[in-house]
There are 2 protein chains.
Amino acid sequence: MVSITEENYLKSLLQLRLNKGKEEGVGTNELAEYLSIKPATANDMLKKLKEKQWVDYEKYGKIFLTKKGKKIAIEVLRKHRLWETFLYEKLSFTWDEVHEVAEQLEHIQSIKLIDKIDEMLGFPEFDPHGEIIPKKNGEFKIHFKKTLDEIAIGESCKMVSVNDNSTTFLQYVVKVGLGINNTIKVLSKQSYDDLIEIEVNGHISSVSQRFAKNIFVICKNCETSKTCSNKHFEHTD
Amino acid sequence: MVSITEENYLKSLLQLRLNKGKEEGVGTNELAEYLSIKPATANDMLKKLKEKQWVDYEKYGKIFLTKKGKKIAIEVLRKHRLWETFLYEKLSFTWDEVHEVAEQLEHIQSIKLIDKIDEMLGFPEFDPHGEIIPKKNGEFKIHFKKTLDEIAIGESCKMVSVNDNSTTFLQYVVKVGLGINNTIKVLSKQSYDDLIEIEVNGHISSVSQRFAKNIFVICKNCETSKTCSNKHFEHTD
DNA sequence: TTTTTTTGTTAGGTAAGCTTAACTTTATTA
DNA sequence: TAATAAAGTTAAGCTTACCTAACAAAAAAA
(Lines give C-alpha, C1' and ligand atoms only; values in the text may rest on other atoms or scores of the structure.)
Protein backbone atom coordinates (compact mmCIF):
# COMPACT_ATOMS: atom_id res chain seq x y z
CA MET A 1 0.00 0.00 0.00
CA VAL A 2 1.24 3.46 -0.91
CA SER A 3 -0.17 6.37 1.10
CA ILE A 4 -1.00 9.68 -0.57
CA THR A 5 1.92 11.26 1.26
CA GLU A 6 4.30 8.58 0.05
CA GLU A 7 3.07 9.05 -3.50
CA ASN A 8 3.79 12.76 -3.21
CA TYR A 9 7.32 12.14 -1.97
CA LEU A 10 8.06 9.73 -4.82
CA LYS A 11 6.52 12.02 -7.43
CA SER A 12 8.55 14.97 -6.12
CA LEU A 13 11.77 12.98 -6.23
CA LEU A 14 11.05 12.16 -9.86
CA GLN A 15 10.18 15.74 -10.74
CA LEU A 16 13.26 17.18 -9.06
CA ARG A 17 15.35 14.63 -10.91
CA LEU A 18 13.72 15.58 -14.22
CA ASN A 19 14.29 19.28 -13.61
CA LYS A 20 18.02 18.88 -13.48
CA GLY A 21 19.10 16.70 -16.38
CA LYS A 22 22.29 14.73 -15.99
CA GLU A 23 23.13 15.64 -12.42
CA GLU A 24 21.58 12.74 -10.59
CA GLY A 25 20.39 12.39 -7.04
CA VAL A 26 18.28 14.72 -4.95
CA GLY A 27 19.11 16.27 -1.56
CA THR A 28 17.03 16.14 1.63
CA ASN A 29 16.73 19.92 1.98
CA GLU A 30 15.92 20.28 -1.68
CA LEU A 31 13.10 17.75 -1.37
CA ALA A 32 11.81 19.33 1.84
CA GLU A 33 11.78 22.77 0.21
CA TYR A 34 9.91 21.41 -2.80
CA LEU A 35 7.25 19.78 -0.62
CA SER A 36 7.03 22.76 1.76
CA ILE A 37 7.97 20.66 4.77
CA LYS A 38 10.95 20.67 7.15
CA PRO A 39 14.11 18.67 6.35
CA ALA A 40 13.65 16.65 9.54
CA THR A 41 10.26 15.46 8.34
CA ALA A 42 11.63 14.55 4.94
CA ASN A 43 14.46 12.66 6.60
CA ASP A 44 11.99 10.58 8.64
CA MET A 45 9.96 9.71 5.57
CA LEU A 46 13.06 8.90 3.51
CA LYS A 47 14.05 6.25 6.06
CA LYS A 48 10.62 4.71 5.64
CA LEU A 49 10.81 4.87 1.84
CA LYS A 50 14.26 3.28 1.94
CA GLU A 51 12.95 0.45 4.09
CA LYS A 52 10.16 -0.11 1.57
CA GLN A 53 12.84 -0.17 -1.14
CA TRP A 54 11.39 2.70 -3.10
CA VAL A 55 14.43 4.93 -2.68
CA ASP A 56 18.11 4.28 -2.13
CA TYR A 57 20.73 6.51 -0.52
CA GLU A 58 23.57 6.51 1.97
CA LYS A 59 23.65 8.65 5.07
CA TYR A 60 24.51 12.23 4.08
CA GLY A 61 24.34 11.18 0.44
CA LYS A 62 22.08 11.92 -2.51
CA ILE A 63 18.69 10.22 -2.84
CA PHE A 64 17.77 8.02 -5.81
CA LEU A 65 14.53 6.37 -6.77
CA THR A 66 14.78 2.59 -7.10
CA LYS A 67 13.14 0.87 -10.06
CA LYS A 68 10.06 0.13 -7.93
CA GLY A 69 9.93 3.68 -6.63
CA LYS A 70 10.29 5.14 -10.09
CA LYS A 71 7.44 2.95 -11.32
CA ILE A 72 5.10 4.34 -8.67
CA ALA A 73 6.26 7.91 -9.32
CA ILE A 74 5.70 7.58 -13.06
CA GLU A 75 2.21 6.20 -12.47
CA VAL A 76 1.32 9.20 -10.31
CA LEU A 77 2.75 11.58 -12.89
CA ARG A 78 0.75 9.81 -15.60
CA LYS A 79 -2.44 10.23 -13.60
CA HIS A 80 -1.68 13.87 -12.88
CA ARG A 81 -1.09 14.76 -16.51
CA LEU A 82 -4.06 12.78 -17.80
CA TRP A 83 -6.37 14.46 -15.30
CA GLU A 84 -4.97 17.87 -16.30
CA THR A 85 -5.71 17.05 -19.91
CA PHE A 86 -9.21 15.87 -19.02
CA LEU A 87 -10.00 19.03 -17.10
CA TYR A 88 -8.66 21.20 -19.88
CA GLU A 89 -10.11 19.33 -22.85
CA LYS A 90 -13.41 18.04 -21.53
CA LEU A 91 -14.40 20.46 -18.78
CA SER A 92 -12.95 23.70 -20.19
CA PHE A 93 -10.74 24.45 -17.21
CA THR A 94 -8.00 27.00 -17.92
CA TRP A 95 -4.29 26.19 -17.74
CA ASP A 96 -3.85 27.78 -14.34
CA GLU A 97 -6.84 25.95 -12.81
CA VAL A 98 -5.99 22.36 -13.74
CA HIS A 99 -2.96 21.81 -11.51
CA GLU A 100 -4.58 22.21 -8.10
CA VAL A 101 -7.41 19.81 -8.87
CA ALA A 102 -5.12 17.30 -10.59
CA GLU A 103 -3.00 17.26 -7.41
CA GLN A 104 -6.01 15.67 -5.73
CA LEU A 105 -7.22 13.48 -8.58
CA GLU A 106 -3.79 11.91 -9.14
CA HIS A 107 -4.22 9.92 -5.92
CA ILE A 108 -7.46 8.16 -6.86
CA GLN A 109 -6.76 4.41 -6.76
CA SER A 110 -8.31 2.80 -9.81
CA ILE A 111 -6.37 1.55 -12.79
CA LYS A 112 -9.58 1.18 -14.76
CA LEU A 113 -10.54 4.79 -14.11
CA ILE A 114 -7.33 6.34 -15.40
CA ASP A 115 -7.19 4.01 -18.39
CA LYS A 116 -10.75 4.95 -19.32
CA ILE A 117 -9.91 8.64 -19.01
CA ASP A 118 -6.87 8.01 -21.22
CA GLU A 119 -9.12 6.32 -23.77
CA MET A 120 -11.73 9.09 -23.62
CA LEU A 121 -9.00 11.61 -24.41
CA GLY A 122 -7.70 9.56 -27.32
CA PHE A 123 -4.45 8.50 -25.61
CA PRO A 124 -2.88 11.98 -25.68
CA GLU A 125 0.89 12.40 -25.87
CA PHE A 126 1.09 15.76 -24.12
CA ASP A 127 -0.79 17.51 -21.34
CA PRO A 128 -2.06 21.14 -21.57
CA HIS A 129 1.31 22.40 -20.33
CA GLY A 130 3.09 20.55 -23.12
CA GLU A 131 4.51 17.93 -20.75
CA ILE A 132 4.77 14.39 -22.04
CA ILE A 133 2.29 11.89 -20.57
CA PRO A 134 3.77 8.53 -19.52
CA LYS A 135 2.16 5.56 -21.26
CA LYS A 136 0.19 2.84 -19.48
CA ASN A 137 3.14 0.45 -19.83
CA GLY A 138 5.41 2.93 -18.04
CA GLU A 139 7.12 4.10 -21.24
CA PHE A 140 8.32 7.58 -20.53
CA LYS A 141 10.93 9.09 -22.80
CA ILE A 142 11.63 12.49 -21.51
CA HIS A 143 12.23 15.35 -23.85
CA PHE A 144 13.16 18.16 -21.55
CA LYS A 145 11.28 21.28 -22.52
CA LYS A 146 13.30 24.15 -23.92
CA THR A 147 12.38 27.61 -25.05
CA LEU A 148 12.62 28.42 -28.74
CA ASP A 149 15.68 30.67 -28.24
CA GLU A 150 17.68 27.67 -27.01
CA ILE A 151 17.34 25.76 -30.29
CA ALA A 152 20.49 25.63 -32.40
CA ILE A 153 20.59 26.87 -36.01
CA GLY A 154 19.45 24.19 -38.44
CA GLU A 155 17.63 22.28 -35.69
CA SER A 156 13.90 21.50 -35.77
CA CYS A 157 11.59 21.42 -32.80
CA LYS A 158 7.93 21.08 -31.90
CA MET A 159 5.97 23.79 -30.13
CA VAL A 160 4.26 22.40 -27.04
CA SER A 161 3.15 25.39 -24.99
CA VAL A 162 3.68 29.04 -24.16
CA ASN A 163 4.97 30.83 -21.11
CA ASP A 164 2.75 33.90 -21.45
CA ASN A 165 -1.01 33.66 -21.57
CA SER A 166 -1.76 37.31 -22.24
CA THR A 167 -4.12 38.03 -25.12
CA THR A 168 -1.55 40.34 -26.70
CA PHE A 169 1.05 37.60 -26.80
CA LEU A 170 -1.31 34.87 -27.95
CA GLN A 171 -2.63 37.01 -30.79
CA TYR A 172 0.95 37.68 -31.86
CA VAL A 173 1.64 33.93 -31.79
CA VAL A 174 -1.26 33.37 -34.16
CA LYS A 175 -0.10 36.21 -36.43
CA VAL A 176 3.36 34.63 -36.76
CA GLY A 177 1.57 31.45 -37.87
CA LEU A 178 2.49 29.40 -34.80
CA GLY A 179 0.37 26.88 -32.89
CA ILE A 180 0.61 23.89 -30.58
CA ASN A 181 2.23 20.89 -32.26
CA ASN A 182 3.68 22.95 -35.12
CA THR A 183 7.14 22.01 -36.27
CA ILE A 184 9.53 24.95 -36.15
CA LYS A 185 12.88 25.00 -37.92
CA VAL A 186 15.47 27.56 -36.83
CA LEU A 187 17.07 28.94 -39.98
CA SER A 188 19.40 31.63 -38.64
CA LYS A 189 20.13 33.98 -35.78
CA GLN A 190 21.20 37.59 -36.30
CA SER A 191 23.87 38.56 -33.80
CA TYR A 192 23.26 42.25 -34.62
CA ASP A 193 19.66 42.51 -33.36
CA ASP A 194 19.14 39.00 -31.90
CA LEU A 195 16.32 38.20 -34.29
CA ILE A 196 15.65 34.51 -34.94
CA GLU A 197 14.58 33.42 -38.38
CA ILE A 198 12.20 30.46 -38.30
CA GLU A 199 10.25 28.35 -40.74
CA VAL A 200 6.76 27.10 -39.88
CA ASN A 201 4.59 25.25 -42.38
CA GLY A 202 6.78 26.50 -45.23
CA HIS A 203 6.34 30.08 -44.09
CA ILE A 204 9.39 32.07 -42.98
CA SER A 205 9.31 34.76 -40.29
CA SER A 206 11.58 36.49 -37.83
CA VAL A 207 10.94 36.67 -34.11
CA SER A 208 12.64 38.44 -31.21
CA GLN A 209 14.55 36.82 -28.37
CA ARG A 210 11.86 37.97 -25.95
CA PHE A 211 9.20 36.29 -28.05
CA ALA A 212 11.23 33.09 -28.44
CA LYS A 213 11.75 32.81 -24.69
CA ASN A 214 8.01 32.47 -24.25
CA ILE A 215 7.61 29.62 -26.71
CA PHE A 216 8.13 26.17 -25.19
CA VAL A 217 9.35 23.48 -27.56
CA ILE A 218 10.73 19.99 -27.51
CA CYS A 219 13.59 18.87 -29.73
CA LYS A 220 12.82 16.75 -32.75
CA ASN A 221 14.88 13.59 -32.93
CA CYS A 222 17.03 14.81 -30.11
CA GLU A 223 18.15 11.28 -29.28
CA THR A 224 20.14 11.04 -32.48
CA SER A 225 21.06 14.64 -33.12
CA LYS A 226 24.64 15.59 -32.24
CA THR A 227 23.89 19.28 -32.01
CA CYS A 228 21.06 18.81 -29.50
CA SER A 229 22.10 19.49 -25.93
CA ASN A 230 18.94 17.97 -24.54
CA LYS A 231 19.06 15.98 -21.36
CA HIS A 232 17.76 12.47 -21.14
CA PHE A 233 16.27 10.52 -18.34
CA GLU A 234 16.87 6.80 -18.09
CA HIS A 235 13.61 5.25 -17.04
CA THR A 236 14.75 1.68 -17.36
CA ASP A 237 17.09 0.85 -14.48
CA MET B 1 -11.86 23.03 6.69
CA VAL B 2 -13.55 19.63 6.57
CA SER B 3 -11.28 16.59 6.57
CA ILE B 4 -12.08 13.53 4.48
CA THR B 5 -12.78 11.61 7.68
CA GLU B 6 -15.16 14.27 8.90
CA GLU B 7 -16.94 14.27 5.54
CA ASN B 8 -17.40 10.52 5.84
CA TYR B 9 -18.87 10.83 9.33
CA LEU B 10 -21.34 13.50 8.23
CA LYS B 11 -22.30 11.60 5.08
CA SER B 12 -22.87 8.42 7.11
CA LEU B 13 -25.05 10.23 9.62
CA LEU B 14 -27.17 11.51 6.74
CA GLN B 15 -27.39 8.10 5.10
CA LEU B 16 -28.33 6.33 8.32
CA ARG B 17 -30.96 8.97 8.91
CA LEU B 18 -32.34 8.49 5.39
CA ASN B 19 -32.48 4.73 5.81
CA LYS B 20 -34.90 4.95 8.68
CA GLY B 21 -37.64 7.37 7.81
CA LYS B 22 -39.41 9.13 10.65
CA GLU B 23 -37.42 7.78 13.54
CA GLU B 24 -34.88 10.51 13.92
CA GLY B 25 -31.45 10.48 15.44
CA VAL B 26 -28.58 8.05 15.03
CA GLY B 27 -26.76 6.08 17.74
CA THR B 28 -23.01 5.94 18.39
CA ASN B 29 -22.75 2.16 17.98
CA GLU B 30 -24.89 2.27 14.87
CA LEU B 31 -22.63 4.88 13.32
CA ALA B 32 -19.48 3.01 14.33
CA GLU B 33 -20.82 -0.22 12.83
CA TYR B 34 -21.68 1.59 9.59
CA LEU B 35 -18.19 3.08 9.31
CA SER B 36 -16.45 -0.14 10.40
CA ILE B 37 -14.78 1.56 13.35
CA LYS B 38 -15.06 1.12 17.11
CA PRO B 39 -17.70 3.03 19.12
CA ALA B 40 -14.95 4.69 21.15
CA THR B 41 -13.49 6.19 17.99
CA ALA B 42 -16.87 7.42 16.83
CA ASN B 43 -17.47 8.95 20.24
CA ASP B 44 -14.20 10.93 20.05
CA MET B 45 -15.03 12.24 16.62
CA LEU B 46 -18.60 13.13 17.57
CA LYS B 47 -17.26 15.40 20.30
CA LYS B 48 -15.19 17.16 17.68
CA LEU B 49 -18.11 17.43 15.27
CA LYS B 50 -20.31 18.82 18.04
CA GLU B 51 -17.70 21.45 18.85
CA LYS B 52 -17.62 22.42 15.17
CA GLN B 53 -21.43 22.64 15.32
CA TRP B 54 -22.01 20.09 12.61
CA VAL B 55 -23.87 17.67 14.86
CA ASP B 56 -25.94 18.08 17.99
CA TYR B 57 -26.64 15.55 20.75
CA GLU B 58 -26.74 15.13 24.49
CA LYS B 59 -24.61 12.65 26.41
CA TYR B 60 -26.07 9.17 25.98
CA GLY B 61 -28.61 10.63 23.51
CA LYS B 62 -29.26 10.35 19.79
CA ILE B 63 -27.14 12.24 17.28
CA PHE B 64 -28.58 14.80 14.86
CA LEU B 65 -27.00 16.72 12.02
CA THR B 66 -27.24 20.50 12.40
CA LYS B 67 -28.21 22.63 9.41
CA LYS B 68 -24.52 23.26 8.68
CA GLY B 69 -23.65 19.59 9.05
CA LYS B 70 -26.49 18.52 6.81
CA LYS B 71 -25.35 20.99 4.16
CA ILE B 72 -21.89 19.42 4.07
CA ALA B 73 -23.32 15.88 4.07
CA ILE B 74 -25.66 16.66 1.18
CA GLU B 75 -22.78 18.14 -0.82
CA VAL B 76 -20.73 14.98 -0.34
CA LEU B 77 -23.72 12.82 -1.30
CA ARG B 78 -24.25 14.98 -4.38
CA LYS B 79 -20.63 14.49 -5.42
CA HIS B 80 -20.81 10.76 -4.78
CA ARG B 81 -23.90 10.26 -6.90
CA LEU B 82 -22.72 12.51 -9.72
CA TRP B 83 -19.40 10.66 -9.89
CA GLU B 84 -21.22 7.34 -9.94
CA THR B 85 -23.33 8.58 -12.82
CA PHE B 86 -20.23 9.83 -14.62
CA LEU B 87 -18.43 6.51 -14.25
CA TYR B 88 -21.49 4.61 -15.40
CA GLU B 89 -22.58 6.86 -18.25
CA LYS B 90 -19.29 8.15 -19.62
CA LEU B 91 -16.72 5.49 -18.74
CA SER B 92 -18.91 2.37 -18.99
CA PHE B 93 -18.30 1.17 -15.47
CA THR B 94 -20.81 -1.40 -14.21
CA TRP B 95 -23.17 -0.81 -11.30
CA ASP B 96 -21.06 -2.77 -8.88
CA GLU B 97 -17.82 -0.98 -9.84
CA VAL B 98 -18.91 2.63 -9.44
CA HIS B 99 -19.33 2.79 -5.68
CA GLU B 100 -15.75 2.10 -4.60
CA VAL B 101 -14.24 4.71 -6.92
CA ALA B 102 -16.95 7.27 -6.12
CA GLU B 103 -16.07 6.87 -2.43
CA GLN B 104 -12.72 8.39 -3.30
CA LEU B 105 -13.86 10.95 -5.87
CA GLU B 106 -16.54 12.40 -3.58
CA HIS B 107 -13.79 14.04 -1.50
CA ILE B 108 -12.18 16.05 -4.30
CA GLN B 109 -12.43 19.72 -3.30
CA SER B 110 -13.49 21.74 -6.31
CA ILE B 111 -16.93 23.21 -6.77
CA LYS B 112 -16.16 23.96 -10.40
CA LEU B 113 -15.21 20.33 -11.05
CA ILE B 114 -18.41 18.79 -9.77
CA ASP B 115 -20.58 21.46 -11.42
CA LYS B 116 -18.88 20.77 -14.75
CA ILE B 117 -19.40 17.03 -14.33
CA ASP B 118 -23.04 17.77 -13.54
CA GLU B 119 -23.29 19.85 -16.71
CA MET B 120 -21.54 17.20 -18.82
CA LEU B 121 -24.10 14.65 -17.65
CA GLY B 122 -27.02 16.97 -18.46
CA PHE B 123 -27.92 17.63 -14.81
CA PRO B 124 -29.22 14.12 -14.10
CA GLU B 125 -31.96 13.55 -11.52
CA PHE B 126 -30.99 10.01 -10.54
CA ASP B 127 -27.77 8.04 -10.24
CA PRO B 128 -27.23 4.54 -11.72
CA HIS B 129 -28.70 2.98 -8.56
CA GLY B 130 -31.86 5.04 -8.94
CA GLU B 131 -30.98 7.31 -6.03
CA ILE B 132 -31.92 10.96 -6.31
CA ILE B 133 -29.02 13.39 -6.87
CA PRO B 134 -29.11 16.54 -4.70
CA LYS B 135 -29.14 19.78 -6.72
CA LYS B 136 -26.35 22.37 -6.66
CA ASN B 137 -28.51 24.63 -4.47
CA GLY B 138 -28.86 21.87 -1.88
CA GLU B 139 -32.41 20.98 -2.92
CA PHE B 140 -32.91 17.39 -1.93
CA LYS B 141 -36.43 16.07 -1.69
CA ILE B 142 -36.12 12.51 -0.63
CA HIS B 143 -38.46 9.90 -1.98
CA PHE B 144 -37.46 6.85 -0.03
CA LYS B 145 -37.10 3.94 -2.39
CA LYS B 146 -39.62 1.15 -2.07
CA THR B 147 -40.07 -2.11 -3.87
CA LEU B 148 -43.05 -2.50 -6.18
CA ASP B 149 -44.81 -4.91 -3.81
CA GLU B 150 -45.06 -2.15 -1.17
CA ILE B 151 -47.14 0.15 -3.36
CA ALA B 152 -50.81 0.38 -2.38
CA ILE B 153 -53.64 -0.41 -4.78
CA GLY B 154 -54.55 2.56 -6.94
CA GLU B 155 -51.19 4.22 -6.29
CA SER B 156 -48.73 5.15 -9.05
CA CYS B 157 -44.96 4.99 -8.81
CA LYS B 158 -41.87 5.39 -10.95
CA MET B 159 -39.40 2.58 -11.55
CA VAL B 160 -35.86 3.68 -10.67
CA SER B 161 -33.79 0.51 -10.51
CA VAL B 162 -33.74 -3.23 -9.97
CA ASN B 163 -32.42 -5.42 -7.18
CA ASP B 164 -31.39 -8.33 -9.40
CA ASN B 165 -28.97 -7.92 -12.27
CA SER B 166 -29.19 -11.43 -13.68
CA THR B 167 -29.82 -11.72 -17.40
CA THR B 168 -32.85 -13.94 -16.75
CA PHE B 169 -34.49 -11.33 -14.57
CA LEU B 170 -33.63 -8.38 -16.77
CA GLN B 171 -35.00 -10.10 -19.87
CA TYR B 172 -38.20 -10.78 -17.97
CA VAL B 173 -38.38 -7.11 -16.98
CA VAL B 174 -38.20 -6.14 -20.63
CA LYS B 175 -40.84 -8.72 -21.57
CA VAL B 176 -43.28 -7.28 -19.02
CA GLY B 177 -42.71 -3.92 -20.72
CA LEU B 178 -40.93 -2.32 -17.81
CA GLY B 179 -37.96 0.04 -17.90
CA ILE B 180 -36.19 2.73 -15.87
CA ASN B 181 -38.37 5.86 -15.42
CA ASN B 182 -41.56 4.08 -16.43
CA THR B 183 -44.67 5.00 -14.51
CA ILE B 184 -46.33 1.97 -12.95
CA LYS B 185 -49.89 1.99 -11.59
CA VAL B 186 -50.91 -0.79 -9.22
CA LEU B 187 -54.40 -1.88 -10.21
CA SER B 188 -55.11 -4.80 -7.90
CA LYS B 189 -53.58 -7.50 -5.73
CA GLN B 190 -54.88 -11.08 -5.67
CA SER B 191 -54.84 -12.43 -2.15
CA TYR B 192 -55.22 -15.98 -3.50
CA ASP B 193 -51.93 -16.21 -5.40
CA ASP B 194 -50.32 -12.87 -4.47
CA LEU B 195 -50.20 -11.67 -8.06
CA ILE B 196 -50.02 -7.92 -8.58
CA GLU B 197 -51.83 -6.38 -11.53
CA ILE B 198 -50.02 -3.37 -12.93
CA GLU B 199 -50.44 -0.91 -15.76
CA VAL B 200 -47.41 0.38 -17.69
CA ASN B 201 -47.76 2.59 -20.76
CA GLY B 202 -51.40 1.59 -21.11
CA HIS B 203 -50.45 -2.08 -21.07
CA ILE B 204 -51.77 -4.29 -18.26
CA SER B 205 -49.88 -7.26 -16.87
CA SER B 206 -49.63 -9.38 -13.72
CA VAL B 207 -46.41 -9.95 -11.82
CA SER B 208 -45.49 -12.14 -8.85
CA GLN B 209 -44.50 -10.94 -5.38
CA ARG B 210 -41.01 -12.26 -5.96
CA PHE B 211 -40.72 -10.24 -9.15
CA ALA B 212 -42.16 -7.10 -7.53
CA LYS B 213 -39.69 -7.28 -4.64
CA ASN B 214 -36.87 -6.81 -7.15
CA ILE B 215 -38.27 -3.68 -8.75
CA PHE B 216 -37.27 -0.46 -6.99
CA VAL B 217 -39.69 2.42 -7.33
CA ILE B 218 -40.38 5.83 -5.88
CA CYS B 219 -43.86 7.06 -5.09
CA LYS B 220 -45.52 9.54 -7.41
CA ASN B 221 -46.85 12.63 -5.64
CA CYS B 222 -46.29 10.93 -2.33
CA GLU B 223 -46.22 14.30 -0.56
CA THR B 224 -49.91 14.83 -1.14
CA SER B 225 -51.21 11.28 -1.26
CA LYS B 226 -52.99 10.08 1.86
CA THR B 227 -52.53 6.42 1.05
CA CYS B 228 -48.78 6.72 0.60
CA SER B 229 -46.85 5.57 3.62
CA ASN B 230 -43.62 7.02 2.32
CA LYS B 231 -41.23 8.61 4.73
CA HIS B 232 -40.05 12.15 4.29
CA PHE B 233 -36.85 13.82 5.18
CA GLU B 234 -36.87 17.44 6.20
CA HIS B 235 -33.86 19.01 4.60
CA THR B 236 -34.65 22.54 5.63
CA ASP B 237 -34.13 22.83 9.36
C1' DT C 1 44.30 24.30 6.67
C1' DT C 2 41.18 26.18 9.60
C1' DT C 3 36.84 28.51 9.86
C1' DT C 4 32.33 29.22 8.35
C1' DT C 5 28.32 27.92 5.96
C1' DT C 6 25.39 24.62 4.16
C1' DT C 7 23.31 20.28 4.44
C1' DG C 8 21.68 16.32 6.83
C1' DT C 9 20.47 13.76 11.24
C1' DT C 10 18.68 12.80 15.85
C1' DA C 11 15.70 13.44 19.77
C1' DG C 12 11.59 14.79 21.76
C1' DG C 13 6.92 16.54 21.01
C1' DT C 14 2.06 17.44 18.76
C1' DA C 15 -2.56 16.38 16.46
C1' DA C 16 -5.60 13.27 13.95
C1' DG C 17 -7.71 9.06 13.80
C1' DC C 18 -7.60 4.78 15.24
C1' DT C 19 -7.28 0.72 18.99
C1' DT C 20 -8.44 -2.11 23.55
C1' DA C 21 -10.03 -2.40 28.23
C1' DA C 22 -12.67 -0.85 31.88
C1' DC C 23 -16.50 1.64 33.21
C1' DT C 24 -21.28 4.11 33.38
C1' DT C 25 -25.75 4.95 31.84
C1' DT C 26 -29.98 3.54 29.73
C1' DA C 27 -33.08 0.02 28.12
C1' DT C 28 -34.99 -4.58 28.42
C1' DT C 29 -36.98 -8.40 30.47
C1' DA C 30 -37.66 -11.79 34.05
C1' DT D 1 -38.34 -3.75 40.74
C1' DA D 2 -34.11 -5.97 40.38
C1' DA D 3 -31.09 -8.36 37.19
C1' DT D 4 -29.24 -8.45 32.82
C1' DA D 5 -28.17 -6.77 28.38
C1' DA D 6 -27.23 -3.13 25.25
C1' DA D 7 -25.50 1.31 24.30
C1' DG D 8 -22.42 4.93 25.23
C1' DT D 9 -18.19 6.95 27.57
C1' DT D 10 -13.52 7.40 29.38
C1' DA D 11 -8.65 6.45 29.70
C1' DA D 12 -4.39 4.97 28.01
C1' DG D 13 -1.82 3.84 24.02
C1' DC D 14 -0.54 3.23 18.93
C1' DT D 15 0.75 5.08 14.08
C1' DT D 16 1.33 8.61 10.62
C1' DA D 17 2.97 12.80 9.35
C1' DC D 18 4.21 16.76 10.85
C1' DC D 19 7.02 20.19 14.08
C1' DT D 20 11.32 22.58 16.79
C1' DA D 21 15.80 22.51 18.71
C1' DA D 22 20.21 20.74 19.04
C1' DC D 23 23.80 18.54 16.85
C1' DA D 24 27.01 16.21 13.21
C1' DA D 25 28.97 15.87 8.71
C1' DA D 26 30.30 17.72 4.37
C1' DA D 27 31.27 21.54 1.44
C1' DA D 28 32.80 26.16 0.65
C1' DA D 29 35.43 30.08 1.79
C1' DA D 30 38.93 32.55 4.19
Side-chain angles (χ1 to χ4, degrees), chain A residues 1-13 16-17 19-20 23-65 69 72-73 76 103-104 106-107 109, chain B residues 1-13 15-17 19-20 22-65 69 72-73 76 103-104 106-107 109:
Chain A
M1 235 2 259
V2 197
S3 74
I4 291 178
T5 311
E6 287 166 346
E7 284 192 343
N8 281 330
Y9 274 83
L10 296 174
K11 188 189 68 167
S12 298
L13 284 169
L16 284 168
R17 170 69 190 77
N19 285 346
K20 55 162 77 169
E23 187 205 318
E24 295 197 17
V26 174
T28 306
N29 286 7
E30 192 185 357
L31 175 63
E33 159 88 1
Y34 191 75
L35 285 165
S36 305
I37 54 170
K38 301 296 167 208
T41 308
N43 190 59
D44 279 355
M45 178 58 94
L46 286 167
K47 282 181 189 164
K48 204 176 127 193
L49 296 178
K50 188 179 180 181
E51 200 159 307
K52 293 197 173 185
Q53 308 201 347
W54 292 332
V55 305
D56 197 19
Y57 66 98
E58 272 144 50
K59 227 179 173 182
Y60 296 104
K62 293 293 176 189
I63 306 144
F64 300 84
L65 284 168
I72 298 168
V76 178
E103 283 290 299
Q104 299 177 61
E106 72 190 6
H107 301 294
Q109 309 268 200
Chain B
M1 234 4 256
V2 196
S3 75
I4 290 177
T5 310
E6 288 167 343
E7 284 193 344
N8 281 330
Y9 273 83
L10 296 175
K11 188 189 67 168
S12 298
L13 284 169
Q15 285 178 319
L16 285 169
R17 171 69 191 77
N19 286 346
K20 55 162 78 170
K22 274 179 189 168
E23 190 206 317
E24 295 196 17
V26 174
T28 306
N29 286 6
E30 191 185 359
L31 176 62
E33 159 88 0
Y34 192 76
L35 284 165
S36 304
I37 55 171
K38 302 296 167 210
T41 310
N43 190 60
D44 278 356
M45 178 58 94
L46 286 167
K47 282 181 190 164
K48 205 176 127 192
L49 296 178
K50 187 179 179 182
E51 199 161 308
K52 292 197 174 187
Q53 308 202 345
W54 292 332
V55 305
D56 197 19
Y57 66 99
E58 271 143 53
K59 226 177 173 184
Y60 296 104
K62 294 293 178 190
I63 305 143
F64 300 84
L65 284 168
I72 297 168
V76 177
E103 283 290 298
Q104 299 177 61
E106 74 190 7
H107 301 294
Q109 310 267 201

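Convention: sequence-line order gives letters A, B, ...; per-chain numbering from 1. The model shown is predicted, which means the values in this text are computed figures rather than measured ones.
The two residues B:Gly25 and B:Lys62 come nearest to each other via the heavy atoms CA-CB, 3.8 Å. In plain terms, the two heavy atoms of A:Thr28 and A:Ile63 that are nearest each other are N-CD1, 3.8 Å. Minimum heavy-atom separation, A:Ala32 to A:Lys38: CB-C, 3.8 Å. Contact record, B:Leu31 with B:Ser12: CD1-CB, 3.8 Å, taken as the closest heavy-atom pair. Here the closest non-hydrogen pair linking B:Asn8 and B:Leu35 is O-CD2, 4.0 Å. The minimum heavy-atom distance linking B:Tyr9 with B:Leu49 is given by the pair CB-CD1, 3.8 Å.
Between its two ends, the helix from C:dT1-D:dA30 to C:dA30-D:dT1 turns its axis by 0°, counting five pairs per end and rounding to 10 degrees.
Regarding contacts with the backbone of D:dT9, a side-chain N or O of B:Asn43 is found under 4.0 angstrom from either OP1 or OP2. The shortest distance between the side-chain N/O atoms of B:Lys47 and the OP1/OP2 oxygens of D:dT10 is below 4.0 Å.
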For a side chain to side chain contact (heavy atoms under 4.5 Å, CB included) check, start with the C-alpha distance between A:Glu6 and A:Lys48, then their side-chain angles and the critical distance, and finish with the verdict.
CA-CA 9 Å; A:Glu6 287 166 346; A:Lys48 204 176 127 193; 3.0 Å; yes
Stepwise side chain to side chain contact (heavy atoms under 4.5 Å, CB included) test for A:Glu106 and A:Glu7:
CA-CA 9 Å; A:Glu106 72 190 6; A:Glu7 284 192 343; 5.5 Å; no
Side chain to side chain contact (heavy atoms under 4.5 Å, CB included) between A:Trp54 and A:Val2, intermediate numbers included:
CA-CA 10 Å; A:Trp54 292 332; A:Val2 197; 4.0 Å; yes
Quick test: give all pairs of protein nitrogen or oxygen and nucleotides 22-28 of chain C nitrogen or oxygen below 3.5 Å, distance rounded to 0.1 Å.
none

Polar atom pairs between nucleotides 15-18 of chain C and protein, under 3.5 Å, N or O only, would you list them?
| residue | atom | partner | partner atom | Å |
| --- | --- | --- | --- | --- |
| C:dG17 | OP1 | B:Ser3 | OG | 2.9 |
| C:dG17 | OP2 | B:Lys48 | NZ | 2.2 |
| C:dC18 | OP2 | B:Tyr9 | OH | 3.3 |

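Enclosure of atom CD in B:Glu33 is not indicated, since only 12 or fewer non-hydrogen atoms of other residues, nucleotides or ligands lie within 6.0 angstrom.
One N or O on the side chain of B:Gln104 and one on the backbone of A:Gln109 form a donor-acceptor pair closer than 3.5 Å.
Per the geometry, CG belonging to A:Leu35 stands 14 Å off P belonging to C:dG8, to the nearest Å. Atom C1' of nucleotide D:dG8 and atom CD of B:Glu33 are separated by 15 Å, given to the nearest angstrom.
Each of B:Asn29 and A:Ala40 lies near DNA chain D, and the nucleotide nearest B:Asn29 is the one positioned closer to the 5' end.
Here A:Ala42 lies out of heavy-atom contact (under 4.0 Å) with every strand.
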